[in-house]
Amino acid sequence: MKRKLVLTLVVAANFLACQRDFSTSPVRPPMRPLSEQEKAVVSASNDFGLRLFREVVAVRSDDNVFLSPYSIAAALAMTTNGAAGETEQAMLETLGFAGLSSEEMDQAFRDLTVLLLSLDPKVQLEIANAIWYRQGLHVRKAFADLVQKYFAAPVEALDFQDQASVGVVNNWVRQRTHDKIQKVLDRIDPDDVMFLANAIYFKALWTYQFKKDETQDDTFHGPDGQEIPCRMMVQTLDELPYFDGDGFAAVDLPYGDGHFAMTVLLPDQGVPVDSLVREL
């Protein structure tokens, strides 16, 4: 029988505005140095996220795409603890962790998660993992212990033939995203044997406020030439990190103390978005 492992990836985010004196830059408390293993995981995860984004955009070219590379990497990293031999090495290579052992990967993920959660008291960041498997299957205790130790993920059996199990997963999602995401499952297929879930909830105030009275009528220019009337927020600051690249411009919009930011890329006029994505 064909069996499927299902990655359930959930992200909920709220972005709000706050007032601040624009004459000064955010003062960021120092962040602790990263270990060599943590640096390797960060670098590989960034590369994996951009590669993944390019692949998803290529097959969903007509859709808006929103994904969480961290969630996918965390779910696959959990799964790697249940693999061995060639399968384990192939998963580590796909994630970009080929130079690390599973133990080093696990430790780096745990330590980086702890760092992220404590990085900025002005940012509400919550990260949760969970695994559910089809009742009657045998899951090795060593695997369950590892994902609990390094990913704080409970490993629980569910009766996948009972429709109520769908509610168990969806209720977990609702709770971990503060009701922002109501469900991720409509049903459980007969071939499903395990669900690996990661949920991220992010809520933060802008370091610099977008003044409401400066929001103005403007026109959004779509990739196929269409012009769509819209309302656009406006902000002009010297403090924002800005980059003028080859065919695009980029700016960082910080949150809280400045450790977290939204990076916005804007293609130059006449440069298709898809070509910019391919260059990421």
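Everything numeric in this text was worked out from a predicted model, so none of it was measured.
The aromatic rings of Trp132 and Trp172 sit perpendicular to each other, their planes meeting at more than 60°, with 30° as the lower class boundary. Ring orientation note: the planes of Phe195 and Phe160 are tilted relative to one another, at an angle of 30° to 60°. Below 30°, between 30° and 60°, or above 60°: for Phe202 and Tyr255 the angle between ring planes is above 60°, a perpendicular geometry.
One N or O on the side chain of Asn81 and one on the backbone of Ala77 form a donor-acceptor pair closer than 3.5 Å. Arg134 places a side-chain N or O within 3.5 Å of a backbone atom of Pro190 that can act as its donor or acceptor partner. Judged by distance alone, the side chain of Glu88 and the main-chain N or O of Thr80 form no donor-acceptor pair under 3.5 Å.
Counting heavy atoms from C-beta on, the side chains of Pro254 and Tyr208 come closer than 4.5 Å. Looking only at side-chain heavy atoms (C-beta outward), Thr94 and Met91 stay at 4.5 Å or farther from each other. Taking 4.5 Å as the limit, every side-chain heavy atom of Val271 sits out of range of all side-chain heavy atoms of Phe248. With a 4.5 Å cut-off on side-chain heavy atoms, Leu265 and Leu280 count as touching. Side chains of Pro229 and Asp217 form no contact here, defined as non-hydrogen atoms less than 4.5 Å apart. Put simply, the side chain of Phe260 reaches to within 4.5 Å of the side chain of Leu125, judged on heavy atoms. The shortest distance between side-chain heavy atoms of Val184 and Val169 falls below 4.5 Å. You'll find the side chain of Glu104 stays beyond 4.5 Å of the side chain of Phe97, heavy atoms only.
In this structure, Phe151 is not a member of the same hydrophobic cluster as Val114, with clusters built from ILVMFWY side-chain heavy atoms closer than 4.5 Å. In the hydrophobic cluster analysis, where Ile, Leu, Val, Met, Phe, Trp and Tyr join through side-chain heavy atoms closer than 4.5 angstrom, Phe210 is grouped apart from Phe220. Trp206 and Val234 end up in different hydrophobic clusters when Ile, Leu, Val, Met, Phe, Trp and Tyr side chains are linked at under 4.5 Å. No chain of hydrophobic side-chain contacts below 4.5 Å, direct or via other Ile, Leu, Val, Met, Phe, Trp or Tyr residues, connects Val273 to Met232.
Distance check: Thr177 OG1 to Gln182 CD gives 7.0 Å after rounding to the nearest 0.5 Å. Remark: Glu38 CD to Arg32 CZ distance equals 4.0 Å, nearest 0.5 Å. Here NE2 of His221 is found 9.0 Å from SG of Cys230. Values are rounded to the nearest 0.5 Å. Between atom OH of residue Tyr242 and atom CG of residue Leu237 there is a gap of 13.5 Å, rounded to the nearest 0.5 Å.
Applying the side chain to side chain donor-acceptor pair (under 3.5 Å) definition to pairs two or more places apart or across chains, those involving residues 145-163 are Lys141-Asp145.
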Output, in order, the C-alpha distance, side-chain angles, deciding distance and verdict of side-chain hydrogen bond (donor to acceptor under 3.5 Å, both in side chains) for Glu126 and Gln124. CA-CA 7 Å; Glu126 300 174 22; Gln124 183 181 356; 2.8 Å; yes
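More than 12 heavy-atom neighbours from other residues, nucleotides or ligands sit within 6.0 angstrom of CG on Asp179.
Shown here for Gly258 and Asp120, the closest heavy-atom pair between the two residues is N-OD2, 4.0 Å.
A salt bridge is defined here as a Lys NZ or Arg NE, NH1 or NH2 lying under 4.0 Å from an Asp or Glu carboxylate O, and Arg231 with Asp218 fails to meet this definition.
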